[in-house]
Structures are given as structure tokens and as C-alpha cells.
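Worksheet for the structure shown next.
Note: hydrogens, waters and symmetry copies are ignored here, and every other heavy atom, side chains too, is used. Below, chains carry the letters A, B, ... as their sequence lines are ordered, and counting in each starts from 1.
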There are 2 protein chains.
Amino acid sequence: MVIETKPIRYYEARAEVAKALSHPSRLMILEALSERERCVCELTELVGADQSTVSKHLAIMRNVGLLETRKEGAQVYYRPRIKCLNGFFQCVEMVLRERWEADKVWVGDRE
Amino acid sequence: MVIETKPIRYYEARAEVAKALSHPSRLMILEALSERERCVCELTELVGADQSTVSKHLAIMRNVGLLETRKEGAQVYYRPRIKCLNGFFQCVEMVLRERWEADKVWVGDRE
DNA sequence: TTACCATATGGCCATATTACCATATTCTAC
DNA sequence: GTAGAATATGGTAATATGGCCATATGGTAA
């Protein structure tokens, strides 16, 4: 009974993208960018961390292909590279919603 | 110019789900489970890691609400708790596909 | 040129993650 | 009851991640 799998590289590439999405500050940034492009200084203010920290978060997302950049003078504007992030977040939302429902039922059982 | 955000807890909860999806072995397991439920021993053979390692991967996904379990004798069968993972993976696929296309163009530019 | 602003990178430290091994727990079979 | 299989958990070591500070880089403006 051998299960069909794809080469490890396949899963590694997908895990890398998911990992880029797995930090609160990065999700906050993505949400802000879904509205419109922003420069690093705006996002630094948004996140409230050191500018170098935010720069590294942005590099992580750009490296996996989630973001792209545009230079304007000394500023660098970041924007989403894809439009499908809704599908991703809808799924995460459903996980959280179902979990919440389950917790509610479970708590109810104890009373 | 203050950007609208939600409370940190909001992003943390979502990042936690994404983090549970950000390991190659866990993605391999999810793919196998999308077909049908499996016991830990099957998944251990699939991943090719120590049984305790696989058990911990499964616990991570169960704790965030991605998987649920069913006991049958001494065995524990895991299955997905939600049906929307396609939306998630379609988005990841698109990121990878777009990145691949971009790389192709870029390489072409150098020749 | 110099001074200054915006961004990226290197260094370092604290913490988190992952792996394995050993062991505990739970169930089946005898 | 004991033995053994299936799974979960604790310990520990190696590596990865995330934060800040300091600094490098690239741009603007005088």
C-alpha cells in the first residue's frame, strides 16, 4: 500500500510560500497592500517594528513571489504580485470559523 | 496617514494556520489525506520520518483545526477537518507558476 | 562635493522549530 | 494478568527565525 507522492521539491516549494505567509506582521502588510501599493516607510509605521525588520519581511515575501516592487526616487513601493490571495485567506478564515464553532459546542457540553 | 488594521490577535490566529501549512512533510500528509483518511502508521511510512516526528506534525495540524481524528482500536485515523484546502493550494500554485514564468522571461533577457 | 533621507544588509542574540531517541500511554490478544 | 502493537509525549541537540543595532548603499538636494 504505497501512497502516491510527488518529488520532495514539490512540497518544499509550496511550503516555502506558506511559510512566507505565516507571520502576523507579514499578513498585516499584505492586507495593507491589497488596498494599494505602499513604500517601506509607510509599512514600517504600520507594523511598528524596526525599519530593518520590515525590510526583511518584505524581502521574504518578494523572494517567494508574493510581492513585487517599483522604485520611485529613493523610495521603494511594494505591491502584491498575484490577485488570488483571497482564496488563501478564505480558506484560513474557514479553518478559524469551524474551530470557533467547535470550541463553542465543546464549552457548551461542559455546562 | 494611518492605515486601518485589525487587532494583532487577528493576524496571529491567521499566521498560526499558515504556519501549520508551511512544512513539506505536512503538505505531503495533507495531500494523502485529501484522498481518504489514514492512520498514523500509514502516514509515517509515507513521510519516511520517525513515528514520533509524524505524530507531532499531525498534532500541529490538528491543534489549529486543519485535521480531526477518529480512533479505531489502537489506531488513530486522521482526516481533513475542512474542504476548502483547494482554494489555498490554488493560490500557492499561482504564486509558483507566476514566479516560474517571470524567471523564464528573465533568463531569456540575458541571452 | 556634503548632508540627508529611504532602503537593504550583516552581526548578534533570544527564541522557535524540527529531528531523533527514549519512554509513557492505550489498546489488542492471549 | 502479560506481551506486543500503535500512538503520544518529554528530553535534547542542531538549525532556523525574528528582532534590533550598526552600517552599507542608493537617491535627492543644496
**Q.** B:N86: side chain to side chain contact (heavy atoms under 4.5 Å, CB included) partners, not counting sequence neighbours
**A.** B:Q90
(Q) How would you summarise protein contacts on nucleotides 24-30 of chain C per nucleotide, using B for base, S for sugar-phosphate only and - for none, with heavy-atom distances below 4.0 Å? (A) --SSS--
**Q.** Under 3.5 Å donor-acceptor, B:T44 side chain and B:V40 backbone
**A.** yes
Q) Taking only N and O in the side chain of B:T53, is any of them less than 4.0 Å away from OP1 or OP2 of C:dA19? A) no
Q. How would you list, by chain and number, every residue that makes a side chain to side chain donor-acceptor pair (under 3.5 Å) with A:E12, sequence neighbours excluded?
A. A:R9
**Q.** Side-chain heavy atoms of B:L43 within contact of B:L46, under 4.5 Å
**A.** yes
Q | Summary of side-chain hydrogen bond (donor to acceptor under 3.5 Å, both in side chains) pairs that have at least one residue in residues 21-35 of chain B, sequence neighbours excluded | A | A:K6-B:E31, A:Y11-B:E31, B:R26-B:H57, B:E35-B:R38
Q. Any side-chain heavy atom of A:L66 within less than 4.5 Å of one from A:L85?
A. yes
(Q) Tell me which pairs pass ring-ring contact (aromatic ring centres under 6.0 Å, His included) where either residue lies in residues 58-77 of chain A, with sequence neighbours left out. (A) none
**Q.** Atom-to-atom span, CG of B:N63 to P of C:dT17 - whole angstrom
**A.** 12 Å
Q. For B:F88, which residues count as a ring-ring contact (aromatic ring centres under 6.0 Å, His included) partner, sequence neighbours excluded?
A. A:F88
Q. Among residues 4-26 of chain B, which residues get a heavy atom nearer than 4.0 Å to DNA chain C?
A. B:K19, B:H23, B:R26
Q. When you list every nucleotide of DNA chain D with an atom under 4.0 Å from a heavy atom of chain B, which one comes first 5' to 3', and which comes last?
A. D:dA6 to D:dG11
Q) Who pairs with B:E72 by salt bridge (charged side-chain N to carboxylate O under 4.0 Å, His left out), at least two apart in sequence or on another chain? A) B:R70
**Q.** Whole-Å gap separating C1' (C:dA6) and CD (A:E42)
**A.** 12 Å
Q | Watson-Crick or G-U pairs under 3.5 Å in DNA chain D, rendered as dot-bracket with [ ] for crossing pairs and | for another strand | A | ||||||||||||||||||||||||||||||
Q. Taking only residues two or more places apart in sequence or in another chain, which ones pass salt bridge (charged side-chain N to carboxylate O under 4.0 Å, His left out) with B:R62?
A. none
**Q.** Under the side chain to side chain donor-acceptor pair (under 3.5 Å) test, residues paired with B:R79 that sit two or more places apart
**A.** B:E68
